[in-house]
Amino acid sequence: MGFNKRVYEIVRQIPEGKVAFYGQIAFLAGVWRASRAVGYALHRNPYHGKVPCHRVVFKDGRLAAGFAFGGQGVQRQLLEGEGVQFTVDGRVDMEKCCWHPQKATEKDF
DNA sequence: CCAATGACGCCCA
DNA sequence: ATGGGCGCCATTG
C-alpha cells in the first residue's frame, strides 16, 4: 500500500496555518487524479495522532462535510487555532493558506 | 478477478 | 446558485 503511506507522509508534513486539498495530495503522491483515493486513505487514517488530516480540505477551500472529525465546526476551530484564515463564505482562504510543498515528500516517518 | 465504496473534482441542466 | 451525474483511483470484501 505505497500510495496510502505516501499520502500519510505528505499530509504529515503540512505545517500549521497551512492547508492542502485532496487533489494536491494526490499529485504529490504521484497520481494526479487520485483525489478520491486520498480521501479514502485519510478516512482510514491509522495515524490520526500523527497525521494532521484536518489540514486537508476541498480544492475550493471547503471543509469535509458530515463525517469530519466530529463536525465542520470542530475542524474549522482546529484550523483557526493554527492560524488558518477563513473567508466570510466559511471557507479556508486558499489564497494565503494554500500549502506550498518544500521538497520533501518522503522519509522521516 | 470483479463489484462496491468514498473525507474528490468537474461538467451540465 | 443548486443539484445531479459521471469519471478517477486505491482499498476492501
Side-chain angles (χ1 to χ4, degrees):
Chain A
M1 311 204 287
F3 185 81
N4 255 338
K5 187 176 177 184
R6 221 161 319 194
V7 170
Y8 300 134
E9 292 177 3
I10 294 170
V11 175
R12 198 173 95 95
Q13 298 169 66
I14 303 177
E16 296 183 4
K18 298 287 182 178
V19 296
F21 43 90
Y22 296 91
Q24 183 173 11
I25 301 301
F27 175 76
L28 296 173
V31 189
W32 166 54
R33 296 153 243 173
S35 55
R36 197 127 204 184
V38 173
Y40 199 88
L42 289 181
H43 179 183
R44 290 188 67 280
N45 189 16
Y47 307 95
H48 66 86
K50 308 171 184 176
V51 180
C53 37
H54 56 272
R55 294 184 194 144
V56 184
V57 299
F58 281 73
K59 190 185 169 212
D60 306 346
R62 263 262 191 246
L63 302 184
F67 267 90
F69 332 100
Q72 300 170 307
V74 178
Q75 182 177 10
R76 175 168 177 170
Q77 286 179 47
L78 282 169
L79 294 173
E80 290 183 316
E82 297 179 343
V84 176
Q85 297 174 35
F86 279 75
T87 65
V88 292
D89 304 43
R91 309 186 216 179
V92 177
D93 189 333
M94 300 304 278
E95 296 284 318
K96 300 181 170 93
C97 303
C98 182
W99 178 44
H100 201 247
Q102 304 294 328
K103 63 195 300 186
T105 54
E106 74 236 37
K107 75 178 122 200
D108 148 75
F109 194 38

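Each chain gets a letter, A, B and so on, in the order the sequences are listed, and its residues count up from 1.
- By the side-chain hydrogen bond (donor to acceptor under 3.5 Å, both in side chains) test, A:Glu82 pairs with A:His54, A:Arg55, sequence neighbours left out.
- Each of B:dC10, B:dG6, B:dC8 was ranked by its minimum atom distance to the side chain of A:Lys59; first place goes to B:dC10.
- Under the rule for a side chain to side chain contact (heavy atoms under 4.5 Å, CB included), the partners of A:Asp60 that lie at least two apart in sequence or sit in another chain are A:Arg91.
- The distance between atom CZ of A:Arg76 and atom P of B:dA7, rounded to the nearest whole Å, is 22 Å.
- Straight-line distance from the CZ atom of A:Phe58 to the P atom of B:dG6: 14 Å, rounded to whole Å.
- Going from atom CG of A:Asp60 over to atom C1' of B:dC11 covers 14 Å, rounded to whole Å.
- Atom-to-atom distance recorded for A:Glu16:CD and A:Cys97:SG is 12.5 Å, nearest 0.5 angstrom.
- The interatomic distance linking A:Arg62 (CZ) with B:dG9 (P) rounds to 13 Å, in whole Å.
- Between A:Leu63 and A:Leu79 there is a side-chain heavy-atom pair separated by less than 4.5 Å.
- In terms of the salt bridge (charged side-chain N to carboxylate O under 4.0 Å, His left out) criterion, residue partners of A:Glu80 (sequence neighbours excluded) are, by chain and number, A:Arg76.
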For nucleotides 4-11 of chain C, print each protein N/O atom paired with a nucleotide N/O atom at under 3.5 Å, atom names and distance only.
unit_1, atom_1, unit_2, atom_2, d
C:dG7, O6, A:Arg36, NH1, 2.8

Using side chain to side chain contact (heavy atoms under 4.5 Å, CB included), reason through A:Phe86 and A:Val92 one step at a time and then give a plain yes or no.
CA-CA 4 Å; A:Phe86 279 75; A:Val92 177; 3.9 Å; yes
Intra- and interstrand pairs of DNA chain C - dot-bracket, Watson-Crick/G-U under 3.5 Å, | marks other strand
.||||||.|||||
Which atom pairs, donor and acceptor, lie under 3.5 Å between side-chain atoms of residues 25-37 of chain A and protein residues at least two apart or in another chain?
none

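- Although no hydrogens or angles enter the test, the distance criterion places a donor-acceptor pair under 3.5 Å between the side chain of A:Tyr8 and the main chain of A:Ala41.
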